[in-house]
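Here is how names work: the chains are called A, B, and so on, in the same order as the sequence lines, proteins then strands, and each is numbered from 1.
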Protein chains: 2
Amino acid sequence: MTLFLSTFTNKVDKKGRVSVPASFRAELTDQSFQGIVLFRSNVHACLEGFAYSYMQEIGARLDDFDLFSAEQDDLATAIFGDAVQLPWDGDGRVMLPTELVEFSELNEKATFVGMGRKFQIWSPSVFEARRESARQSVKSKNMTIPKGSGGDK
Amino acid sequence: MTLFLSTFTNKVDKKGRVSVPASFRAELTDQSFQGIVLFRSNVHACLEGFAYSYMQEIGARLDDFDLFSAEQDDLATAIFGDAVQLPWDGDGRVMLPTELVEFSELNEKATFVGMGRKFQIWSPSVFEARRESARQSVKSKNMTIPKGSGGDK
DNA sequence: CGCTATCCCATGTTATCCCATATATATCCA
DNA sequence: TGGATATATATGGGATAACATGGGATAGCG
């Protein structure tokens with residue numbers, strides 16, 4: 001099972017290419033498609049990345065809906081229509097489409113954030129702000145982690 | 001397993017030809033018929049495209065209806081009766097029949113929308129509205145994709 | 001014969017491939 | 001232990017192929 005961990009910041013070259021962190025690639029070697037699938041986040045100014053196999057899984061689940069039903073149509077349009085399929089080259093780099101670069105404000109560097117089954121791609125400066133706001137939120141609302149989980153790192 | 005992803009907008013030239021996106025073609029190379037199967041959507045002002053193999057599966061699903069039921073008859077007529085087989089040329093272009101062009105208001109550009117097992121072809125401007133409505137619908141109705149391959153929807 | 005679709009080739013743009021280099025970490029042997 | 005050599009990763013850039021598109025030539029069909 002794929003598990004994306006840790007944070008890496010790589011350079012976006014003038015061709016629009018960026019190296020996918022090697023440890024992320026290692027999680028994705030056994031799939032039919034050599035690359036990643038990206039979406040725009042509908043919450044933050046960042047991109048969300050998934051394994052191609054994860055998309056296949058969603059495709060299979062959508063088959064449980066009635067063909068031509070309104071739900072199936074809406075979901076398929078919102079999910080698959082918005083997805084972008086990016087193969088990597090021999091050196092593990094992908095080409096970020098300009099729309100996605102603009103959307104997530106990736107000017108010269110891209111921060112890959114592992115989030116388990118998925119990962120996110122941020123502009124480093126935007127991500128710093130996001131990380132800080134998350135920290136503040138946890139602090140002010142006095143959030144805690146429910147018992148049973150492993151504890152702080 | 002075929003999986004149509006992302007959206008592509010291509011030009012319709014004065015001969016009525018459109019390039020089928022290369023990534024879509026790649027999903028369809030292994031079939032006996034070199035081309036796509038199209039018919040008019042029963043819901044939207046767009047065209048629906050399928051892999052030939054998926055048409056066979058639809059046929060199988062239709063068998064779940066009573067052989068002479070009114071619904072089976074209606075669906076079979078709407079889907080199979082309306083279907084058009086379009087072979088592509090050496091460069092991956094298909095000729096859109098004028099009835100289909102008029103039905104879906106494809107004047108000079110055509111937007112191919114990946115929807116997993118199938119894809120749709122829209123007039124770009126019409127699709128913009130559709131995309132927004134699909135997003136809203138997913139959001140407001142709180143739609144989710146069922147977990148696992150089980151039956152719940 | 002005239003219309004239209006199919007085939008074929010040309011073109012510009014852009015992505016992909018491939019190799020070179022830098023840097024860091026790991027490995028090995030004296 | 002030290003120092004030199006390997007391995008993996010990230011990055012830069014030139015050569016090449018792929019793709020979308022235009023248009024002419026040819027073949028089929030009415």
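One finds the NE2 atom of B:H44 at 10.5 Å from the CZ atom of B:F103 (value rounded to the nearest 0.5 Å). Here the OH-CD distance, from B:Y54 to B:E57, works out to 5.5 Å after rounding to the nearest 0.5 Å. The distance from atom CG of B:L28 to atom OH of B:Y52, rounded to the nearest 0.5 Å, is 13.5 Å.
Residue pairs meeting the salt bridge (charged side-chain N to carboxylate O under 4.0 Å, His left out) criterion with at least one member in residues 31-41 of chain B, sequence neighbours excluded, are B:R40-B:D82. For residues 131-141 of chain A, the set of pairs meeting the salt bridge (charged side-chain N to carboxylate O under 4.0 Å, His left out) definition, not counting sequence neighbours, comprises A:E128-A:R131, A:E132-A:R135.
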- Task: With side-chain contact (heavy atoms from CB on, under 4.5 Å) as the test, would you mind laying out the steps for A:Q72 and B:R117 before giving the verdict?
- Result: CA-CA 11 Å; A:Q72 200 221 29; B:R117 296 295 168 80; over 6 Å; no
- Test side-chain contact (heavy atoms from CB on, under 4.5 Å) on B:V43 and A:D73 and set out the steps. CA-CA 10 Å; B:V43 183; A:D73 202 69; 5.8 Å; no
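Residues of residues 107-124 of chain B that place a heavy atom closer than 4.0 Å to DNA chain D do not occur. Residues from residues 82-93 of chain A that place a heavy atom under 4.0 Å from any atom of DNA chain D, listed by number: A:D91, A:R93.
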Please list, for nucleotides 24-26 of chain D, all pairs of protein and nucleotide N/O atoms separated by less than 3.5 Å.
residue	atom	partner	partner atom	Å
D:dG24	O6	B:K15	NZ	2.3

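Residues A:L5 make up the rest of the hydrophobic cluster containing A:L3, defined by ILVMFWY side-chain heavy atoms closer than 4.5 Å, directly or through other members. In this structure, A:M95 stands alone, with no Ile, Leu, Val, Met, Phe, Trp or Tyr side-chain heavy atom under 4.5 Å from its own, directly or through other members. When hydrophobic side chains of Ile, Leu, Val, Met, Phe, Trp and Tyr are connected at separations under 4.5 Å, B:F33 ends up as a singleton with no cluster partners.
In the helix from C:dC1-D:dG30 to C:dA30-D:dT1, the end axes, each obtained as the rotation axis mapping the C1' atoms of four pairs onto the next four within a five-pair block, lie 40° apart to the nearest 10 degrees.
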I'd like a table of donor-acceptor pairs (distance under 3.5 Å, sequence neighbours excluded) in which one partner is a side-chain atom from residues 17-25 of chain A, with atom names and distances.
residue	atom	partner	partner atom	Å
A:R17	NE	A:D13	OD2	2.9
A:R17	NH2	A:D13	OD2	3.1
A:R25	NH1	A:V20	O	2.6

Result block: side-chain N/O donor-acceptor pairs under 3.5 angstrom for residues 104-113 of chain B, not counting sequence neighbours:
residue	atom	partner	partner atom	Å
B:S104	OG	B:L100	O	2.7
B:T111	OG1	B:T9	OG1	3.0

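In this structure, A:V20 reaches the sugar-phosphate backbone alone: every heavy-atom distance under 4.0 Å involves primed, P, OP1 or OP2 atoms, never a base.
Taking the 5' to 3' direction, DNA chain C first and last meets chain A under 4.0 angstrom from a heavy atom at C:dA15 to C:dC19.
Ring orientation note: the planes of A:F50 and A:F39 are nearly perpendicular, at an angle over 60° on the 30°/60° scale.
Follow the hydrophobic side-chain contacts under 4.5 Å out from A:L67 and you reach B:V37 in the same cluster.
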